[in-house]
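Accompanying notes for the structure given below.
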Amino acid sequence: MAGPSGGAANPITVINDTEMHWRQWAVVVLMVLLNALDGFDVLSSAFAAPGITADWGIPRSELGIVLSAELVGMGFGSVLLGGAADKFGRKNTMIACLVAMAGGMWMAGHANGVGDMFVYRFITGIGIGGMLAATNAVTAESTNNKWRKACIAVYVAGYPLGAILGGIAASEWLLDTYGWRGVFDFGAIVTAALIPVVLLVVPETAAYHASKDNLDGVNKTLGAFGKPAIGSLPASAADKEKPKVTDILSNPQLRPVTLLLAFGYMFHTVTFYYILKFAVQIVADYPPGYDPSDAATVLTWANVGGFLGSALFGFVMARFGMKWPTALMLLIGSVMVVSFGMGRETLDGWQWATILTGFFTNAAISGYYAAFARGFPAYARATGTGFVLGVGRLGAAGSPLLAGALFAWLGDDELLVVSIIMAMGSILSLILFLMLPEREGDDLVAATPVTTDKIPTKDTA
């Protein structure tokens, strides 16, 4: 590692090979919190679903439209704002996304019909989609080789953590005191409060600055992380022909990885969001039926399982690699969804069913996010992650629509048949994940042209 007067050094290598500074840990913690916020914001409509249904008198088919709105927006946000994070910076994109999320949440709390609610949730979803792409890149680019996998797993665990805390707040306080509208207002206030925190705590990543040949920016970030400055950027980052973010689809090495990750993730989200979006309504309706505040507890417990699955799976990947453990989680997760469809006679039974389902389906999500972080070079990391997440949101958005259509076609009492069909998404995902090409070597690629970067996905720790 070169000092201020030294020669060229790769800033990504500097981050990779040095100990974590307290500021790096602070960034990781904040990324976990932002992902937790995304988890609450996405599932706020699920917490509010019984109240919305009662107030507006809408059937499950129309409820599916409401529940899919932010997921459609997330698809657009992941693709459009993921690219913005590579063009304008991760930090600027996160601030813009927080503004969109806060505004969309506040307006949703004051909606008066399905059409209004769809628009406001769509706006919220755009912000969430861009945020997911940017925060995943920041987590990967702000951590060293030793801690990256664990940090990414804990970052992914932030998503169900937000749903856990949001579920507790919704079931124990917000729904009883303020009604379903209070869920959205609460989310808007918390979102807005995090804007100044991001401005103060998060520096733009060194990998982003290096991809733009910005030596001053690189050294500013290295200084924030307690690293010595470097004298110049390596020739591979500054002098060679500039790679393009479109390499994720045009480059013959990156294209198959991108498409397999995108469509594999998409199929898994069909299964994943079926439970997250419909569990509360199913438990409220399924005999003997429960009050909305009691039914909302199953979603909280689903995310308790999800948090544990995501957090613990990081250590599993560090020990056993990424590919086969993730495949196993996809398989067991699909079995748990089928088991959920067998119904339960007590609220405790429903809660345990969703804990187990959440554990395995979220562990598989952690495996996918680890693959995203390793799958793209720094100059296109947010774009690649955004593209994969955007395609994935097609499955997420389609999940409540598909489930709602199946219930309308087969009948609300055909829970097991609907659950078996929805579980097939994870099975298709399993097949595509196992098709990912293997390679020698490991870890994140540098901000250099694709021809010199490594492509995932060999299972090495």
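Just so you know, these numbers use all the heavy atoms, side chains as well, and skip hydrogens, waters and symmetry mates. Residue numbers start at 1 and run along the sequence shown.
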Quiz item: For A423, does its backbone N or O pair with a side-chain atom of S334 as donor and acceptor, under 3.5 Å?
Solution: no

Quiz item: If every non-hydrogen atom of V298 is compared with every non-hydrogen atom of A295, which pair is closest and at what distance?
Solution: CG2-O, 3.0 Å

Exercise. Using a 4.5 Å cut-off on heavy atoms from C-beta on, say whether the side chain of P203 contacts that of K91.
Key: no

Quiz item: Is there a side-chain contact (heavy atoms from CB on, under 4.5 Å) between I282 and W350 once you walk through the steps?
Solution: CA-CA 10 Å; I282 287 169; W350 283 114; 4.1 Å; yes

Exercise. Measure from the side-chain N and O atoms of N35 to the backbone N and O of M31, and report whether any donor-acceptor pair falls under 3.5 Å.
Key: no

Quiz item: Do Y368 and S429 have side-chain N/O donor and acceptor atoms under 3.5 Å apart?
Solution: yes

Practice problem: Would you give the length of the straight line joining atom CD1 of I52 to atom CH2 of W56, rounded to the nearest 0.5 angstrom? | Solution: 5.5 Å

Quiz item: What's the verdict on side-chain contact (heavy atoms from CB on, under 4.5 Å) for Y274 and V418, showing C-alpha distance, side-chain angles and the deciding distance?
Solution: CA-CA 10 Å; Y274 164 60; V418 173; 4.0 Å; yes

Self-check item: Check: Y178 and D185 side chains under 4.5 Å, non-hydrogen atoms
Solution: no

Quiz item: Just by modelled atom types, is the Y208 backbone N or O under 3.5 Å from a matching donor or acceptor in the T205 side chain?
Solution: yes

Quiz item: What do you reckon, is CH2 of W352 surrounded by more than 12 foreign heavy atoms closer than 6.0 Å?
Solution: no

Practice problem: Report yes if some heavy atom in the side chain of F313 is under 4.5 Å from a heavy atom in the side chain of N362; otherwise report no. | Solution: no

Quiz item: Is there side-chain contact between I15 and Q24, with heavy atoms separated by less than 4.5 Å?
Solution: yes

Quiz item: Given the side-chain rings of Y273 and F278, with only the six-membered ring counted for Trp, is the space between their centroids under 6.0 Å?
Solution: no

Quiz item: CG/D116 to CE/M107 distance, rounded to the nearest 0.5 angstrom?
Solution: 10.0 Å

Exercise. May I ask you to decide whether R90 forms a salt bridge with D86, counting only side-chain N to carboxylate O separations under 4.0 Å?
Key: yes

Self-check item: Donor-acceptor pair, side chain of R121 and main chain of E70, under 3.5 angstrom
Solution: no

Quiz item: Hey, are the side chains of I128 and T124 touching, using non-hydrogen atoms and a 4.5 Å cut-off?
Solution: yes

Self-check item: Backbone N/O of L132 and side chain of N136: donor-acceptor pair under 3.5 Å
Solution: no

Practice problem: Examine distances only and state if a side-chain atom of N144 and a backbone atom of T18 form a donor-acceptor pair shorter than 3.5 Å. | Solution: yes

Quiz item: Cut-off 3.5 Å, side chains only: do D55 and W180 have a donor facing an acceptor?
Solution: yes

Self-check item: Shortest non-hydrogen contact between M105 and G187, atoms and distance
Solution: CE-CA, 3.6 Å

Quiz item: So do the side chains of T361 and H268 get within less than 4.5 Å of each other, counting heavy atoms only?
Solution: yes

Exercise. Compare every heavy atom of G309 with every heavy atom of A363, then report the nearest pair and how far apart it is.
Key: CB-O, 3.7 Å

Quiz item: How many angstroms lie between atom OG1 of T271 and atom CG of L276, to the nearest 0.5 angstrom?
Solution: 11.0 Å

Quiz item: Looking at I365 and V156, what are the two nearest heavy atoms and their distance?
Solution: CG2-CG1, 3.8 Å

Quiz item: Would F122 and F76 satisfy ring-ring contact (aromatic ring centres under 6.0 Å, His included), going step by step from the backbone distance to the final call?
Solution: CA-CA 9 Å; F122 180 82; F76 283 93; 5.6 Å; yes

Exercise. Would you sort out whether E414 and F407 count as a side-chain contact (heavy atoms from CB on, under 4.5 Å), showing the intermediate values?
Key: CA-CA 7 Å; E414 294 293 339; F407 280 121; 6.0 Å; no

Quiz item: Do the non-hydrogen side-chain atoms of L416 and V338 ever get within less than 4.5 Å of each other?
Solution: yes

Self-check item: 4.5 Å side-chain heavy-atom contact, L259 and F263
Solution: yes

Quiz item: Can any side-chain N or O of S142 pair as donor or acceptor with the backbone N or O of T139 at less than 3.5 Å?
Solution: no

Quiz prompt | Backbone of V335 reached by a side-chain donor or acceptor of S339 within 3.5 Å | solution = no

Quiz item: Can the ring centroids of H21 and W25 be said to lie less than 6.0 angstrom from one another?
Solution: no

Quiz item: Quick one: does S44's side chain have a donor or acceptor within less than 3.5 Å of a partner on D41's backbone?
Solution: yes

Quiz item: Between M94 and A134, which heavy-atom pair has the shortest distance, and what is it?
Solution: CG-CB, 3.7 Å

Quiz item: Which of these passes ring-ring contact (aromatic ring centres under 6.0 Å, His included) with F40: Y159, F186, F184?
Solution: F186

Quiz item: Would you say the side chains of T221 and E204 form a donor-acceptor pair under 3.5 Å?
Solution: no

Practice problem: Examine distances only and state if a side-chain atom of T191 and a backbone atom of A102 form a donor-acceptor pair shorter than 3.5 Å. | Solution: no

Practice problem: Nearest 0.5 Å please: distance from the CD1 atom of I164 over to the CZ atom of F307. | Solution: 6.5 Å

Practice problem: State the OG-CD1 distance between S419 and I275, to the nearest 0.5 angstrom. | Solution: 6.0 Å

Quiz item: For the side chain to side chain contact (heavy atoms under 4.5 Å, CB included) test, which of L199, V198, V197, T93 pairs with L98?
Solution: V198

Quiz item: By side-chain hydrogen bond (donor to acceptor under 3.5 Å, both in side chains), which residues pair with T297, not counting sequence neighbours?
Solution: Q351

Practice problem: Working to the nearest 0.5 Å, report the span between CG of L37 and CG of L161. | Solution: 11.5 Å

Quiz prompt | Derivation and outcome, side-chain contact (heavy atoms from CB on, under 4.5 Å), residues V27 and F225 | solution = CA-CA 10 Å; V27 169; F225 287 165; 4.1 Å; yes

Exercise. Please report the closest heavy-atom contact between A100 and G127, naming both atoms and the distance.
Key: CB-CA, 4.2 Å

